[in-house]
Undergrad: 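What follows is a single structure, and I will ask about it in a moment.
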Amino acid sequence: MIRKRIPHADRRLGPMLARVCETVFLAIGVLSAVSVAESEGFALATHWPGLTISTLFILAAIGCFRSRRGLVDTVTGSHPDGRG
């Protein structure tokens, strides 16, 4: 009975976890970019590390947005229903 529910729960948890991570990464990226841009004496020559990290968080959010795999597939590379 439980083995039949695992794939269903997996199909729901994987995309849900991706959406949560996407939201968190996007918020961190945007808020850190705004924080760096609003800092006193902002110049690209001195604040480029902060902008680079903000960009990486936004790219991670895009990667999470495109993720559609189940949680078990993401973590282990196998699926409970898989044969072989």
Side-chain angles (χ1 to χ4, degrees):
M1 178 99 173
I2 290 179
R3 282 185 92 40
K4 292 180 181 180
R5 291 184 183 188
I6 289 175
H8 177 69
D10 178 51
R11 283 190 300 270
R12 295 188 78 185
L13 285 177
M16 193 180 324
L17 180 63
R19 295 292 181 190
V20 169
C21 289
E22 171 202 359
T23 304
V24 170
F25 288 157
L26 188 62
I28 290 172
V30 169
L31 292 175
S32 65
V34 169
S35 174
V36 168
E38 289 182 347
S39 66
E40 189 175 325
F42 174 76
L44 284 177
T46 57
H47 291 83
W48 67 267
L51 293 174
T52 303
I53 292 171
S54 300
T55 303
L56 290 176
F57 272 108
I58 292 171
L59 289 174
I62 292 170
C64 288
F65 177 73
R66 293 183 178 188
S67 175
R68 297 283 186 252
R69 295 175 20 170
L71 187 60
V72 172
D73 292 337
T74 302
V75 174
T76 64
S78 63
H79 196 273
D81 280 345
R83 291 184 169 93

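Note: hydrogens, waters and symmetry copies are ignored here, and every other heavy atom, side chains too, is used.
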Undergrad: Which atom pair, heavy atoms only, marks the closest approach of G29 to S54?
TA: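 For G29 versus S54, the nearest heavy atoms are O-CB, 3.5 Å.
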Undergrad: Is there a path of hydrophobic side-chain contacts, each under 4.5 Å between heavy atoms of I/L/V/M/F/W/Y residues, joining L51 to I58?
TA: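 No, no single cluster joins them.
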Undergrad: Show the nearest heavy-atom pair for residues L26 and A61, with the distance to one decimal.
TA: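 Nearest pair, atom of L26 first, then A61: N-CB, 3.7 Å.
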Undergrad: Between L31 and F57, is a side-chain contact (heavy atoms from CB on, under 4.5 Å) present by the stated rule, with each step listed?
TA: CA-CA 10 Å; L31 292 175; F57 272 108; over 6 Å; no
